[in-house]
Amino acid sequence: MSQEIGLIGLGRIGHNLALNMIEHNVSLRAWDHSTNTCNRVRTICPELQISNSIEELIDTLSSPRRIMLLLPSGDNSEQCIKKLSNILEQGDLIIDSGNAHFRDTERRQSRLAKQGIQFLGLGVSGGVQGARNGPSIMAGGTTKAWGEVSPILESISARANGTPCAGYIGEGGAGHFIKIVHNGIEYAVMQILADVFELLYKGCRMHADKIAEIFYTLNSGSTASYLMEASAKVSAIRERGKKAFLIDFVDDRAEQKGTGSWAVEAAFELGVSVPTIAAAVQFRTISNEARLIKHEKNNPTDNISAPTFLPKEVTPFIKSGIACAIASAYAQGFSLINAARDQFGTTINLCRIAQLWRSGSILRGEMINLIAESLHGESNYANILSTSHIQPLISEGIIPLRELVKTGLSVGLPLPGLSSASEYIDSLNQLQLSTRFIQLQRDYFGNHGFRLIGQDTLENGPWNQDDS
């Protein structure tokens, strides 16, 4: 099987993946629409053969051609794929490695199949570092398409215990669907860690470097992860040439590229509850809305005044509380995967998904290792919160998590990640929810009916009876 790839898109991810491929003896040719980008990459990677046009790139490849796209999702990808469809021939393969919506992937697969062109949708996680040193790769499409490029993709992927973190997920848009869920969990965990920072910084008036020390301490055991390490590093960074911390100068209007919202949309379609993922998406949205309190420009709040509450009122609950919250976020994501596991031709192997995320992925860490171990050999489960390695984290952490939420809310600090994670667990632990009251409300004004306990038939309440 030929080890030849044509790469389109030489941005930060693209050129780092190119360097990775070259190191693994992949015969690589590339092209980018930006001349400046091409010139810059030539200085970084002089051994990379860069074509002057997309047509030239295609002409230099042997048949059947394999073209990998590393482009932003949306119109850029759409236009490039349309152009390729007019150039490529039957048997050629397009590999979309961007953050595409899985429905778009399936639409493109269907359209191109009529021309005999194969299309593989890759979910790729790891950012710039992953592209350079080995990402986590989730593939969706036909097994034939995967088989043609799996040796290349496995060779450039991250390794966990010697096993490539690259694998086939299922047909259609399976790979991009799993990446969407991955990013939804990522949103949720990032918000949880941001809540912890806020609780310590505003609530305890703790210096950012002290918070960094706490994050470094948390980067062990069940809470050890790439995102925890990143949180520790960004907490302690100071503004260039100043003693103040960078966090005090950062505009809080958060951006998002859509994958988090797509995860929430998929959850609504499938009837799955993902409150922490949804809260993380919504909090980024609210960060861009008008505030009731005006903020003076260039006047960062870097003065550390008297604490609202003492660190000792919070820190004893952080380790176990955060482990519980993060487990809750992962459980929501895996419940979403579970709901869709039979929709992509072959049943999605949940344990395999966890294994693919163990290295290279932004979600890599001890939590995903525990999930992989818990799911190994298990086929029947309602929620990963009840699995062998995760259930103890919930039992030990739910009370500390509630304490963190209670402490923050008592002084008016919004903690959407922590509070929604706690509510998800507490809701699943109730024998009866307040929704039984909603059933009566719906019947009162809409005659929708309600079920009595132990019955499947609908009843109506005596709302029109005369009380006299």
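Bear in mind that the values here come from a model prediction, so they are computed numbers and not experimental data.
The shortest non-hydrogen separation linking Ser328 to Ile425 is CB-CD1, 3.8 Å. Across every non-hydrogen atom of Leu10 and Thr37, the tightest pair is O-CG2, 3.3 Å. When all heavy atoms of Ile8 and Ile67 are compared, the pair lying nearest together is CD1-CG2, 3.6 Å. Nearest approach of Val189 to Ala329, heavy atoms of both residues: CG2-CB, 4.3 Å. When all heavy atoms are compared, the tightest approach of Leu69 to Ile81 is CD1-CG1, 3.5 Å. Closest non-hydrogen pair, Ser235 versus Ala208, comes out as O-CB, 3.2 Å.
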* To do: Take Lys82 and Arg108 through the side-chain contact (heavy atoms from CB on, under 4.5 Å) test and state the conclusion after the steps.
  => CA-CA 9 Å; Lys82 284 183 178 179; Arg108 291 162 180 163; over 6 Å; no

* Show your reasoning for whether side chain to side chain donor-acceptor pair (under 3.5 Å) applies to Asp195 and Gln191. => CA-CA 6 Å; Asp195 286 357; Gln191 185 60 58; 2.9 Å; yes

* May I have the step-by-step check of side-chain contact (heavy atoms from CB on, under 4.5 Å) for Phe317 and Leu401, ending in yes or no? => CA-CA 7 Å; Phe317 305 114; Leu401 177 55; over 6 Å; no

* Give the intermediate values and the outcome of salt bridge (charged side-chain N to carboxylate O under 4.0 Å, His left out) for residues Glu78 and Arg107. => CA-CA 11 Å; Glu78 186 71 21; Arg107 172 177 54 81; 3.2 Å; yes

* To do: Please assess Val41 against Asp32 for the test side-chain contact (heavy atoms from CB on, under 4.5 Å), listing each intermediate value before the final yes or no.
  => CA-CA 10 Å; Val41 173; Asp32 191 284; over 6 Å; no

* How far apart are the C-alpha atoms of Arg132 and Glu23, what are their side-chain angles, what is the distance that settles it, and do they pass the salt bridge (charged side-chain N to carboxylate O under 4.0 Å, His left out) test? -> CA-CA 10 Å; Arg132 181 66 185 86; Glu23 282 187 359; 2.6 Å; yes

* Hey, mind stepping through Thr217 and Ile214 against side-chain contact (heavy atoms from CB on, under 4.5 Å) and telling me if it holds? -> CA-CA 5 Å; Thr217 301; Ile214 290 176; 5.5 Å; no

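The closest side-chain donor-acceptor pair between Ser395 and Gln391 falls under 3.5 angstrom. With no hydrogens or angles considered, no side-chain donor-acceptor pair links Gln439 and Thr435 at under 3.5 Å. Side-chain atoms of His101 and Ser73 form no donor-acceptor pair, as typed in the model, at a separation below 3.5 Å. No side-chain N or O of Asn349 forms a donor-acceptor pair with one of Tyr168 less than 3.5 Å apart. Side-chain contact of Tyr424 with Asn383: a donor-acceptor pair under 3.5 Å is present, judged by distance alone. Under the 3.5 Å distance criterion, with hydrogens and angles disregarded, a donor-acceptor pair is assigned to the side chains of Lys179 and Asn99. In this model, no donor atom of one side chain and acceptor atom of the other lie less than 3.5 Å apart for Asn133 and Gln129. Side-chain polar atoms of Thr308 and Lys202 form no donor-acceptor pair below 3.5 angstrom.
Under 4.0 Å is where a charged nitrogen must lie from a carboxylate oxygen, and between Asp456 and Arg451 no such pair does. Ion pairing between Glu269 and Arg103 holds under the 4.0 Å rule for side-chain N and carboxylate O. Salt bridge Lys233/Glu213: absent, no basic N to carboxylate O contact under 4.0 Å. Of the charged side-chain nitrogens involved, none lies within less than 4.0 Å of a carboxylate oxygen, so that Glu154 and Arg159 do not count as a salt-bridged pair.
At a threshold of 4.5 Å between non-hydrogen side-chain atoms, the residues Phe309 and Val411 count as touching. Using a 4.5 Å cut-off on side-chain heavy atoms (C-beta onward), Glu403 and Lys406 make contact. Counting only heavy atoms from C-beta outward, the side chains of Thr142 and Gln109 never approach each other to under 4.5 Å. Looking at Arg402 and Asp426, their side chains come closer than 4.5 Å, going by heavy atoms from C-beta outward. Side-chain atoms of Phe334 and Val181, non-hydrogen and from C-beta on, never get closer than 4.5 Å to each other. By the 4.5 Å heavy-atom criterion applied to side chains, Leu153 and Met68 are counted as neighbours. Counting only heavy atoms from C-beta outward, the side chains of Leu218 and Lys319 approach each other to under 4.5 Å. Using a 4.5 Å heavy-atom threshold, the side chains of Leu17 and Ile156 count as touching.
Not a single donor-acceptor pair under 3.5 Å links the side chain of Ser374 to the backbone N or O of Ile371. Side-chain atoms of Asp96 do not come within 3.5 Å of backbone N or O of Gly121 as any donor-acceptor pair. Panel note: side chain His15, backbone Gly11; a donor-acceptor pair is recorded below 3.5 Å. Formation of a donor-acceptor pair under 3.5 Å by the Ser422 side chain with backbone atoms of Ser419 is not found in this model. Judged by distance alone, the side chain of Arg238 and the main-chain N or O of Lys243 form a donor-acceptor pair under 3.5 Å. Although no hydrogens or angles enter the test, the distance criterion places no donor-acceptor pair under 3.5 Å between the side chain of Ser77 and the main chain of Gly74. Judged by distance alone, with hydrogens and angles left aside, the side-chain atoms of Ser287 form a donor-acceptor pair with the main-chain N or O of Ala254 at under 3.5 Å. One N or O on the side chain of Asp443 and one on the backbone of Gly461 form a donor-acceptor pair closer than 3.5 Å. The main-chain N or O of Gly360 is found under 3.5 Å from a side-chain atom of Arg364 such that the two form a donor-acceptor pair.
In this structure, the separation between CZ on Arg341 and OG on Ser335 is 11.5 Å, given to the nearest 0.5 Å. Rounded to the nearest 0.5 angstrom, Thr276 OG1 and Leu418 CG are separated by 9.0 Å. Atom CD1 of Ile353 is separated from atom CG of Leu363 by 12.0 Å, given to the nearest 0.5 angstrom. Distance check: His389 NE2 to Ser222 OG gives 12.0 Å after rounding to the nearest 0.5 Å. Taken from CZ in Arg358 to SG in Cys165, the straight-line distance is 6.0 Å, to the nearest 0.5 Å. To the nearest 0.5 Å, the span separating CZ on Phe268 from OG on Ser273 amounts to 9.0 Å.
Ring geometry, Phe177 versus Phe344: the interplanar angle falls from 30° to 60°, so the pair is classed tilted.
Both the sub-6.0 Å distance and the 45° axial angle are satisfied by Arg284 relative to the ring of Tyr187.
Other residues, nucleotides and ligands place more than 12 heavy atoms under 6.0 Å from the NE2 atom of His24. For Ile399, the CD1 atom sits in a loose shell: 12 or fewer heavy atoms of surrounding residues, nucleotides or ligands are nearer than 6.0 Å. The number of heavy atoms from other shown groups lying within 6.0 Å of CD (Gln455) is above 12. Taking a 6.0 Å sphere around CZ of Phe437, one finds it holds 12 or fewer heavy atoms contributed by other residues, nucleotides or ligands.
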